[in-house]
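Report on one structure; see the data block that follows.
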Amino acid sequence: MPIKKYVLPVAGLGTRFLPATKAIPKEMLPIVDKPLIQYVVEEAVEAGATEIILVTHPSKRALEDHFDINVELERTLEKKGKTQLLERVRTILPENIRVAAVRQHEPLGLGHAVLCAKELVGNEPFGVILPDVLIHHPQRGCMAQMMKVYQQLGHSIIAVEPVAHDQVDKYGIVSLEAGGEEGLRQLSGIVEKPTPENAPSNLSVVGRYILPPRVMQLLEQTTPGSGGEIQLTDAIAALIQEEPVYAYTFEGTSYDCGNKQGFLRANIDYGLRDPETREGLLQQMSVQSHSPDR
Ligand code: G1P
């Protein structure tokens, strides 16, 4: 059975991008011409999602509006004969996909955000995607790769990738059981943002998860951990004691758009992949082969 429900935690205030995010959600920042949130919703839909659950904040209405119909805009585009744009606006969300929103009133951590979706998720396995991280693959998105593995395996899966050793304190870090397939190994442990000295490996959690409903009960019992927040990582550490969880090394390129460098890098790479912007961007870049003035 494909996973139908995907939880997208979007309640964070995006302080790293202030002042850009003073009045708009960070997930609405564009990579070329689409907001971050649209890329991850597309990734979930490609993997078979039919219900997107946004765990959001009252100040972030723009996210819900993005997936709603904008009658006035559609009429204007229609009148002006801008059919291609009209098509792009109309097809942001395929017809069979439902977007539901639940509010996280207090910033108590990622684990708490996922727990806010408990009622909407119900008693079935679900996906989680963190919209800060974009993953590009020319043929098959990360979540679709994970779904393929999940359908053979039937156990929880977490996407991982290696990071530089001095970066481990920014991520959830996993340790693995010996043996198993290359790129798909059972987790023996997982810890949130360890110091480089205490890190069990350099394999980081990139923000793509397939989890069982049991994790919601474990989250209810999870006490604040790293940063004083309720961590999804800690509930997964408890889950490992009960059933197998697998780490999957995905194919593709990840962009951590939660920081400025990653966000800029994503804009350049996606701009170079887009036939509409590629040539012009390449020309601009070769004209200015020296660094621009500071
Ligand atoms: C969250 C998770 C962390 C994961 C990271 C990926 O951290 O808690 O385990 O590695 O996302 O981006 P955050 O970036 O919200 O601090």
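Numbering of ligands and ligand atoms starts at 1, following listing order.
Contact between L130 and ligand 1 is present, with at least one heavy atom of the residue lying under 4.0 Å from the ligand.
Heavy atoms only, all atoms of each residue included: Q104 and A11 are closest at OE1-CB, 3.3 Å. Taking each heavy atom of V205 and I158 in turn, the nearest pair found is CG1-CG2, 3.8 Å.
A salt bridge does not link K4 with E51: every distance from a Lys NZ or Arg NE/NH1/NH2 to an Asp or Glu carboxylate oxygen is 4.0 Å or more. With salt bridges taken as basic N to acidic carboxylate O contacts below 4.0 Å, one links E27 and K60. Using a cutoff of 4.0 Å between basic side-chain nitrogens and carboxylate oxygens, K170 and D256 are not scored as salt-bridged.
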message: Would H155 and V245 count as a side chain to side chain contact (heavy atoms under 4.5 Å, CB included) here? Give the steps.
response: CA-CA 6 Å; H155 289 297; V245 176; over 6 Å; no
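Less than 4.0 angstrom separates atom 15 (O) of ligand 1 from none of the non-hydrogen atoms of the protein.
Near Q231, meaning under 4.0 Å from any of its heavy atoms, are these atoms of ligand 1: 8 (O). Near L110, with a cut-off below 4.0 Å to any heavy atom, the atoms of ligand 1 are 2 (C), 8 (O). Residue contact check: T233 has heavy atoms under 4.0 Å from atoms 9 (O) of ligand 1.
Protein heavy atom at the shortest distance from atom 2 (C) of ligand 1 is E192 OE2, 3.6 Å. When only non-hydrogen protein atoms are considered, atom 5 (C) of ligand 1 lies nearest to V205 O, 4.0 Å. Of the protein's heavy atoms, K193 NZ, 3.3 Å lies nearest to atom 7 (O) of ligand 1. Among all non-hydrogen protein atoms, the one lying nearest atom 12 (O) of ligand 1 is V133 CG2, 3.6 Å.
For G172, a nitrogen or oxygen atom sits less than 3.5 Å from a nitrogen or oxygen atom of ligand 1, counting backbone and side chain alike.
No donor-acceptor pair closer than 3.5 Å links the side chain of K26 to the backbone N or O of G12.
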